[in-house]
Amino acid sequence: MIITLLSDFGLQDSYVTEMKGTILTICSDATIIDITHNVKKFNIKMGAFILASAAPHFPEGTIHVAVVDPGVGTKRRPIIVEAKNRIYVGPDNGLLILSAKNEGLKRVIHVTNKQFFHEKVSKTFHGRDVFAPVAAYLAKGVKSSKFGQEIIDFIKPTFVEPTINREKIRGEILHIDDFGNLITNISQTILDKTKALKRKQLQISIAKKSKILRFSGTYGDVSEGTALILIGSHGFLEIAVSLGSAKKVFNAKLGDAVNVHLS
Amino acid sequence: MIITLLSDFGLQDSYVTEMKGTILTICSDATIIDITHNVKKFNIKMGAFILASAAPHFPEGTIHVAVVDPGVGTKRRPIIVEAKNRIYVGPDNGLLILSAKNEGLKRVIHVTNKQFFHEKVSKTFHGRDVFAPVAAYLAKGVKSSKFGQEIIDFIKPTFVEPTINREKIRGEILHIDDFGNLITNISQTILDKTKALKRKQLQISIAKKSKILRFSGTYGDVSEGTALILIGSHGFLEIAVSLGSAKKVFNAKLGDAVNVHLS
Amino acid sequence: MIITLLSDFGLQDSYVTEMKGTILTICSDATIIDITHNVKKFNIKMGAFILASAAPHFPEGTIHVAVVDPGVGTKRRPIIVEAKNRIYVGPDNGLLILSAKNEGLKRVIHVTNKQFFHEKVSKTFHGRDVFAPVAAYLAKGVKSSKFGQEIIDFIKPTFVEPTINREKIRGEILHIDDFGNLITNISQTILDKTKALKRKQLQISIAKKSKILRFSGTYGDVSEGTALILIGSHGFLEIAVSLGSAKKVFNAKLGDAVNVHLS
């Protein structure tokens, strides 16, 4: 059984590995795969985006544990989210729902049965003391109904949706990857609907800079240092610089407004 | 069989993976788990602390390989440390002993039997040429007595113990985690003994700054940006800032004195 | 079956894990090991060096996937490289050939059979859509001839070879590791042939600095902060500083000329 882990814990401390040891103590034949532990601290939106990007590539039945959890130890609830093909475990703060909805959310369980927790639950590390053991017991075949009651008032993540009028599509930078590519929340579907996808080039404004950028199939289609736009590997409009960093060239940061001019 | 790896090698080079390849060549069904490879270069104390934090969460019989090894290739000895529940492999420089003592140290073997080393042992990379193959043979069931003779003059790590008088507990910052939380060497037991644990707030001095800080159960109990104290997930007094970094707020660094005022 | 992964993707995004999920979906019992994902962006030479350092330590039959791929989605070809003991999968840009040649290159296949690709191949992420599934099918036992035709005009990497005259060996810095050790392209064999290896010390120039450095067996043979030379764990001349960083001391960077004075 595959269990994936995502967090904002970083790779310096023992936190991630304490989760792994806990899982292997309960379920010795689990295959544990890291998604990333370098989510920006407390950035639930970034965690949700990365989880939703990664999960569809895992086999059916995979258990995804995600912990970006500023509310650890407070009243925020631990939950199991059953989706069409996979199961998610983590805090009730919106982190898990984007990915679950993409594949089809079935139900959300509020995890309350302490029988499946670490013997002594710390108030600061539910990754190790709650989420890891719950995932391990799920991997061993315990039904999710054994962990607690279904709830319907779970927290839905609020992602900014692009707005569209005749003149422009107004979106924002959803994620900046390690190459400095700017991934927007403007999907291929939206670009298609507005016929922007058929054009060879688009005028794009990022923060206060405005530039006409050409659509390319891939980064290497243009010469080094040239900015371009493309549909990235997850289906969103992406601004990139060939063999360079769009983040640096546009001096861009997460959440910056991105306008696609249509007129 | 689980083999964990800890080092100060970082994740850029091939060093860590050469250890993994070596282990899998000898023991193909080993499950290899990284603790961390981002221990500060040559910082044995930080390595020992992280190892001691992680090890208790692994199943009995786990083999822990740890390499923070400024003395590689010199006369420092390679050792196997048998503890109550787990086995440790690494250099004789104090790195392994803290964790082994916590669970109950049984005996220390000076590893000398070259039959269990890499065919050709480099003078600069015992992680790959000595510790990895020794761990792999242990995982295959070779008894530790086959590797060499017991020794009793192994190096004990010297950790600063807090000092206590009527006016204050004087400790230091033992570790700063990736969130910027300041983890001290002042244990819950010491705070309990001095009745400091019963108070709602304590006056704490870090380096030259002094502040009255409230005990909280967890980070999210106070508003964003507020400093707090709590007992962390490993049982030590920790200074944190809700949704922020205590490291930055207190301009703190490893080894800084921490005074808890009792009067 | 072991599949290793090397890339310049970094560890922040979901790219690496999407490759892992893809592999496990096709070949559920693959053991996936990371070599590194911190190759400098687009630096094929660094990727080739690290791959060639790591691969020999893996068991025969290991499948090595490497993706440093500035030409993704362009006409550069995906290839399988069969070598004496291992199989390599990645782009035809020189990345795989150094390692394959070291053990004995057998043949190179241009991968064209889309039956073994992701259902829908993106133009920007062949790591996930081409190389990962190809590796997974190889791990399941599909013969490499099923993937496409043999080619002989694959790209050979051009590594600078040291030049030798009576006065000096002129090489360059091939890699700077995470400790700041400067690894040159001057092999033990060359130093042996020129009798430089027999000397106790050598005059070395790096960029514009010239220094007489002593041969040491290992870093700890000299006192803290002292620069030294040694034959590193991969058989190349290495400039190091005991408990310090030669990178900082010599203000060195990748590709800097290194002269070993013989007269």
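In the displayed structure, A/K75 atom NZ is contacted under 6.0 Å by at most 12 heavy atoms of other residues, nucleotides or ligands. For A/K156, the NZ atom counts as densely surrounded, since its 6.0 Å shell holds more than 12 non-hydrogen atoms of other residues, nucleotides or ligands. Within a 6.0 Å radius of NZ in B/K211, other residues, nucleotides and ligands contribute 12 heavy atoms or fewer. By the 6.0 Å contact criterion, CD on A/Q149 is open, its count of non-hydrogen atoms from other residues, nucleotides or ligands being 12 or less.
A distance-only check finds no donor-acceptor pair linking the side chain of B/T36 to the backbone of A/S14 [under 3.5 Å]. Not one N or O on the side chain of A/T124 forms a donor-acceptor pair closer than 3.5 Å with the backbone of B/G232. Within the 3.5 Å criterion, the main-chain N or O of B/K40 finds no donor-acceptor partner in the side chain of A/Q12. The closest donor-acceptor contact from the side chain of A/R128 to the backbone of B/S233 lies under 3.5 Å.
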* Verdict with supporting geometry, B/D177 and A/F9, side-chain contact (heavy atoms from CB on, under 4.5 Å) -> CA-CA 9 Å; B/D177 77 11; A/F9 295 164; over 6 Å; no

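At a 4.5 Å heavy-atom cutoff, the contact between B/L230 and chain A is made by side-chain atoms alone. For A/D129, no part lies under 4.5 angstrom from a heavy atom of chain B. Both the backbone and the side chain of B/I50 come within contact range of chain A, each with at least one heavy atom under 4.5 Å from a heavy atom of that chain. Interface residue B/I183: only side-chain heavy atoms are found under 4.5 Å from chain A. Residue contact with chain B, scored on non-hydrogen atoms closer than 4.5 Å, involves the backbone and the side chain of A/T25 alike. Contacts between B/I2 and chain A at a heavy-atom distance below 4.5 Å involve the side chain alone, from C-beta outward.
Ranked by heavy-atom pairs under 4.5 Å with chain B, the list A/R76, A/E18, A/K123 is led by A/E18.
Under the 3.5 Å distance criterion, with hydrogens and angles disregarded, no donor-acceptor pair is assigned to the side chains of A/Y15 and B/D178.
Between B/Y219 and the choices A/V72, A/D69, A/T74, the side-chain contact (heavy atoms from CB on, under 4.5 Å) rule is met once, by A/V72.
The minimum heavy-atom distance between A/P70 and B/L243, with the atom names listed, is CB-CD2, 3.4 Å. Summarising the geometry of B/A54 relative to A/T17, their closest heavy-atom pair is CB-CG2, 3.5 Å, with the distance given to 0.1 Å.
Taken to the nearest 0.5 Å, the CE atom of B/M46 stands 6.5 Å off from the CG atom of A/D13.
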